[in-house]
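The structure displayed is predicted, hence computed values, not measured ones. In each ligand, atom 1 is the first atom listed, and ligand 1 is the first ligand listed. Numbers for residues simply follow the sequence, beginning at 1.
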Amino acid sequence: MDGTRPGRDELLEIAVEVARQAADTARRMRADGVSGISTKSTATDVVTAADRAVEREAVATLRAARPGDAVLGEEYGGADGTGPGGDAGVRWILDPIDGTVNYLYGLPHYAVSLAAEVDGEVVAGVVRNAVTGDEWTAIRGGGAYRAGERLRSSTETDLGKALVATGFGYDPARRAHQAGVLAELIPHVRDIRRFGVASIDLCLAAEGSVDVYYEKGLNLWDHAAGGLIATESGLRVDGLAGAGPGPDLVIAAPPALFGPLHDHLARLDAAGGP
Ligand code: LIP
């Protein structure tokens with residue numbers, strides 16, 4: 001494998017191989033207990049030795065498979081010296097353990113999320129729950145799958161009957177703002193689910209296990225792969241006012257629910273606050 005321009009199938013194959021290896025490492029390290037705990041943006045934004053080890057291992061495997069590609073990882077950023085897109089315009093976007101707080105508490109709900117981006121567009125992605133082995137994949141234009149089944153997202157058309165997944169940041173002031181938005185939104189929906197893992201939340205929306213998902217404050221590695229999987233299952237994945245999914249807000253919803261949910265979130269300044 002060299003700096004040649006790869007096919008999407010080839011990129012997905014590499015992503016799945018790396019995600020399975022990373023998931024096994026994360027799960028094995030968790031069985032030995034949690035070590036090397038430190039914090040990042042706030043006292044509750046934790047990182048563990050496993051987050052770092054899984055990322056180093058995944059980057060090494062990606063390097064071996066495609067030496068010229070760029071890698072953007074949560075723990076080491078793009079510390080590989082190569083530009084946004086490597087020799088062939090390929091960049092890998094990796095969250096080694098999405099749901100680190102769940103990992104810390106031993107909740108069986110954390111994932112490896114890996115996307116391949118070519119010339120700035122995500123074209124392949126995998127999200128793998130490291131404990132259950134649940135694995136969601138997608139290729140742009142090729143659909144989204146879980147266990148060989150093509151995913152079809154919710155067809156709900158009434159926001160009042162929509163089950164909503166969402167999340168909260170690590171900054172107390174931001175959580176207060178997010179809770180305020182949620183308190184105003186909850187009378188207008190069926191109910192809320194807070195699982196703690198953006199990548200899996202997007203995949204649950206992709207398979208219709210929840211109807212919609214939204215969250216403020218995500219990084220690219222939290223939503224790159226899950227966003228493609230959600231899009232390929234039929235959801236609209238965007239921000240407010242067509243801004244695109246990003247740190248201000250990520251919304252994933254069936255076309256019929258996107259407008260009503262968007263308008264509530266805009267009215268409630270969900271992209272605003274700290
Ligand atoms: C987490 C996200 C989750 C969000 C958390 C955190 P991490 O990512 O997956 O949706 O609510 O605040 O950002 O920190 O576990 O990689």
Side-chain angles (χ1 to χ4, degrees), residues 19 22-23 25-27 29-30 34 36-55 58 72-77 92-115 125-131 134 136 164-182 185 192-206 209-210 212-230 237 239 245-252 265 270-271 273-274:
T25 302
R27 194 180 58 256
M29 290 185 73
R30 184 62 184 82
V34 180
I37 301 172
S38 58
T39 59
K40 299 191 284 187
S41 61
T42 72
T44 58
D45 182 3
V46 292
V47 58
T48 71
D51 294 86
R52 298 189 193 96
V54 169
E55 181 160 325
L72 172 64
E74 174 169 6
E75 306 314 339
Y76 295 101
W92 297 92
I93 302 166
L94 170 69
D95 191 335
I97 300 181
D98 191 16
T100 302
V101 172
N102 288 350
Y103 180 89
L104 181 67
Y105 283 79
L107 295 167
H109 206 68
Y110 50 89
V112 178
S113 175
L114 182 57
V126 55
V127 172
R128 185 176 176 87
N129 180 316
V131 180
D134 291 335
W136 300 264
V164 177
T166 192
F168 306 89
Y170 290 117
D171 170 56
R174 173 169 292 173
R175 283 201 298 279
H177 181 81
Q178 291 170 313
V181 168
L182 187 54
L185 179 69
I192 297 291
R193 293 293 179 269
R194 190 332 185 214
F195 297 113
V197 192
S199 56
I200 294 182
D201 289 343
L202 284 159
C203 293
L204 294 176
S209 295
V210 297
V212 303
Y213 165 72
Y214 78 90
E215 187 162 356
K216 172 185 172 63
L218 297 181
N219 294 292
L220 185 54
W221 47 75
D222 294 315
H223 64 87
L228 177 67
I229 292 161
V237 180
D248 285 348
L249 203 61
V250 172
I251 307 171
L265 294 173

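Side-chain N/O atoms of D98 and S113 include no donor and acceptor closer than 3.5 Å. A donor-acceptor contact closer than 3.5 angstrom is absent between the side chains of D95 and S199. Counting only N and O atoms by type, the side chains of R175 and T42 include no donor and acceptor under 3.5 Å apart.
Taking only non-hydrogen atoms, the option from V250, D98, V46 nearest to atom 2 (C) of ligand 1 is D98.
Where the criterion is an N or O separation shorter than 3.5 Å, residue side chain and backbone included, R194 meets it with respect to ligand 1. Between E74 and ligand 1, an N or O atom pair is found at a separation short of 3.5 Å. Residue Y170 has at least one N or O atom closer than 3.5 Å to an N or O atom of ligand 1. The shortest N or O to N or O distance between G99 and ligand 1 is below 3.5 Å. Between A198 and ligand 1, at least one N/O pair is under 3.5 Å apart.
At a threshold of 4.5 Å between non-hydrogen side-chain atoms, the residues Y110 and L104 do not count as touching. Side-chain contact between D201 and V210 is absent, with no heavy atoms from C-beta onward closer than 4.5 Å.
Not close to ligand 1: I200, with no non-hydrogen atom less than 4.0 angstrom away.
Under the side-chain contact (heavy atoms from CB on, under 4.5 Å) criterion, N102 pairs with L107, H109, V197, not counting sequence neighbours.
Among protein heavy atoms, the minimum distance from atom 12 (O) of ligand 1 is reached at F168 O, 2.8 Å. In terms of protein heavy atoms, atom 4 (C) of ligand 1 is closest to E215 OE2, 3.0 Å.
Near I97, meaning under 4.0 Å from any of its heavy atoms, are these atoms of ligand 1: 16 (O). Contact atoms of ligand 1 toward V197: 9 (O), 10 (O) (distance under 4.0 Å to a heavy atom of the residue). Against a heavy-atom cut-off of under 4.0 Å, D222 is close to the following atoms of ligand 1: 8 (O), 16 (O).
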Side-chain donor-acceptor pairs under 3.5 Å in residues 215-230, sequence neighbours left out?
residue	atom	partner	partner atom	Å
E215	OE1	Y213	OH	2.7
K216	NZ	A271	O	2.9
D222	OD2	N219	N	2.8

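Without hydrogens or angle criteria, R128 side chain to V112 main chain gives no donor-acceptor distance under 3.5 Å.
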